Protein chains: 2
Amino acid sequence: MAVTIRDVAKASGVHISTVSRTFSAPHLVNPETRTRVLATAEELGYRPNRAARALITGRTHNIGLIVADIANPFFPPMIKAAETHARRRDYHVFVADTDEDPVVETDLVRALAKQVDGILLCSPRMSDDQIEQLRREVPLVVVNRLIDGLPAVVMDVGTGARSAVRHLVDLGHRHLVYLSGPRGSWTNREIRKAAGAAARAGGAEFTVLGPHVPVSSTGADATEAVLATGATAVLAYNDLMAIGLLQALQDRGIAVPEQISVIGFDDIAAGALVRPTLTTVANPTAAAGRAAVDMLLQQGDDGATGQVTLRTDLVIRNSTGPGPYAPAGATTKQVAAYAKE
Amino acid sequence: MAVTIRDVAKASGVHISTVSRTFSAPHLVNPETRTRVLATAEELGYRPNRAARALITGRTHNIGLIVADIANPFFPPMIKAAETHARRRDYHVFVADTDEDPVVETDLVRALAKQVDGILLCSPRMSDDQIEQLRREVPLVVVNRLIDGLPAVVMDVGTGARSAVRHLVDLGHRHLVYLSGPRGSWTNREIRKAAGAAARAGGAEFTVLGPHVPVSSTGADATEAVLATGATAVLAYNDLMAIGLLQALQDRGIAVPEQISVIGFDDIAAGALVRPTLTTVANPTAAAGRAAVDMLLQQGDDGATGQVTLRTDLVIRNSTGPGPYAPAGATTKQVAAYAKE
DNA sequence: TAATCTGTTGCAAACGTTTGCCGAATGGAG
DNA sequence: CTCCATTCGGCAAACGTTTGCAACAGATTA
């Protein structure tokens, strides 16, 4: 049915090895022969069978991309960037969703292992040990998690958290709440640590609530608890939670940012669509996707295992405003957003 | 390096064919032998090489999923559902993004063809002819497009549009605007036709604006034009545009739904997060993803090429309210939302 | 002129499976 | 005790490529 290398060989009167070389090592074949082969291949509609090629070369030219939840708006831009970037390098991408389940995560890596040259593990939920274990079975690059000796791409959320806290302190807030994210999250831990330190440094009280499943409903559900603390500013693990909180506050007649300021993380598209628009720490997810792909493909070459840290940027919008200790004339100011490719 | 069928055979003292059968035709091997083989396989960490298997069986157990834009919030729930559903049937999914480019679309199908058992083409931008052509090279299921003789899954947006218009007419609106979507879209055409007919049937004026790129900014940009028509209700091609319009209206002090009612399409998550919450026509994207996968996998078996139409449902929230011709006491009423799996 | 090199091609083994065919062993029926 | 059916497992070919090796021709060098 399908046209193979053999058909092309027969049709152009050469041996199959010549056809093979025409595609995989063109410099080894006479230019004249080459064009002839190429012509008949084109004519017959020949396309190399990657599975067969993979079988003998050991390289599939596929990569796996595993995320916790495709529908979480944090991931699609990353998936998109990674896929496009990979394809430009002639790699195809398997995308899989673990539904936040560490067990599925492990199984998935193993199931994909034989079919890919490497796997991108985005925001993994499993333990460091498990990841180290899997690493011995298939090349891995981890996104949003730092493990010694493992190639990784992380967002510098610590710096982002510090900027966010400083912004709030500058606005005159002296009591901050952090709405914590999921328990296993490296990002969550980093934010909490950095924000807490920055708050103390700024002479502000710092209260942590959580952990929470990182969706908008948990943000809304936390409203009571937030109000009970008496804090005037809230930092949320992600935009989804921040938006949930934002709307819940409004629904009970509490003005944002007049009475409470809110900051999220990620800068998902919806943040600019809600009112007030959401101040947030932008994560370069697309850049992370590209960097991770590059890292994975290089890994094959030299085995170098770098760790890349990507810059995050505070994007000031309208959900943050002067607090009770505001210096005279303090006001939110627009800040140039982060760069895109 | 990797452990193969041969290693397992040697370790358990049987021929490789027995090992093979243990996995692909268990009933042909003695239960005793089987457990022994299974045990050593487990011990050695053996995983069948799918590429090799594909080479001989001709079935890769992979499928391709091609969408116009992964980052468009309409798609991720569909991708997620399709992937999960496929995996449950032991299929892995290549996801690719065409960036709305019909040429990329064609190339992608061809590039993936040899590596998959079939391809899901979601909201394709290429011509019917091109699709028919590709169909001869690889099994295809098209989502959101109806082509004679081609297996397809479509959302019944026509009925959704009619419900939406009827809802508006019942509320006392007599002049409706439709914010048109992208030119090549089958869905857009269906909505326009059905909404127009329903409006006429209800004795309402119907104005079409567009086409538009289906993103929030074009919705906002259309504000002037919408106001100029004097209409009191707007139907938008999708939620993104509806939300953009919603916010632009609010920004210029026009109350929604008091002065203008707005309805979107898709029911993306953000619709419930904006204020007022968005009345919209919910598309069962997840169900569509699952149905498309089922269809593709069945296609292999019997070659039947059905066309499935999925129900859409009007979800009434707070962006629609009584119009100038409202009967006394008319008010929006909550409606039970659509079913999920 | 002989020896060596270079460029081009063919040959055949290999990659890790599946599967049709055949033979061996077992057990029941006659 | 023979025959036949059934169950099980081995053998080897096949899937579509890549690639080391060898062969050959023509060109270059000594």
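Quick note on labels: first sequence line is chain A, next is B, and so on, each numbered from 1. A quick note: this is a predicted structure, and the numbers were derived from the prediction, not measured.
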Sorted by chain and number, sequence neighbours left out, side chain to side chain donor-acceptor pair (under 3.5 Å) with B:Asp128 holds for B:Arg145
Is any side-chain N of the basic residue among A:Arg125 and A:Glu100 closer than 4.0 Å to the acidic one's carboxylate O? yes
A:Asp90/A:Arg50 ion pair, N-O < 4.0 Å: yes
Exercise: do A:Asp117 and A:Thr60 side chains pair donor with acceptor under 3.5 Å: yes
Once salt bridge (Lys or Arg N to Asp or Glu O under 4.0 Å) is applied, what residue pairs with a partner in residues 14-42 of chain B remain, sequence neighbours excluded? none
Could you state the CZ-P distance from A:Arg34 to C:dG7, rounded to the nearest angstrom? 13 Å
Between B:Gln115 and A:Asn62, is there a side-chain donor-acceptor contact under 3.5 Å, judged purely by atom types and distance? yes
Is the count of non-hydrogen atoms from other residues, nucleotides or ligands lying under 6.0 Å from B:Lys114 atom NZ greater than 12? yes
Tell me whether A:Asp294 is salt-bridged to A:Arg89, with the criterion being a basic N under 4.0 Å from an acidic carboxylate O. yes
Its contact letters, B for base, S for sugar-phosphate only and - for none at protein heavy atoms under 4.0 Å, make nucleotides 17-22 of chain C read BBBB--
Provide a list of protein-nucleic acid N or O atom pairs under 3.5 angstrom, restricted to nucleotides 5-8 of chain D.
none

What salt bridge (Lys or Arg N to Asp or Glu O under 4.0 Å) pairs are there with at least one residue in residues 63-79 of chain A, not counting sequence neighbours? A:Asp69-B:Lys80
Where does the angle between the aromatic ring planes of B:His92 and A:Phe94 fall among parallel (under 30°), tilted (30 to 60°) and perpendicular (over 60°)? perpendicular
If the helix axis at each end comes from five base pairs, how far does the helix from C:dT1-D:dA30 to C:dG30-D:dC1 deviate from straight, to 10°? 50°
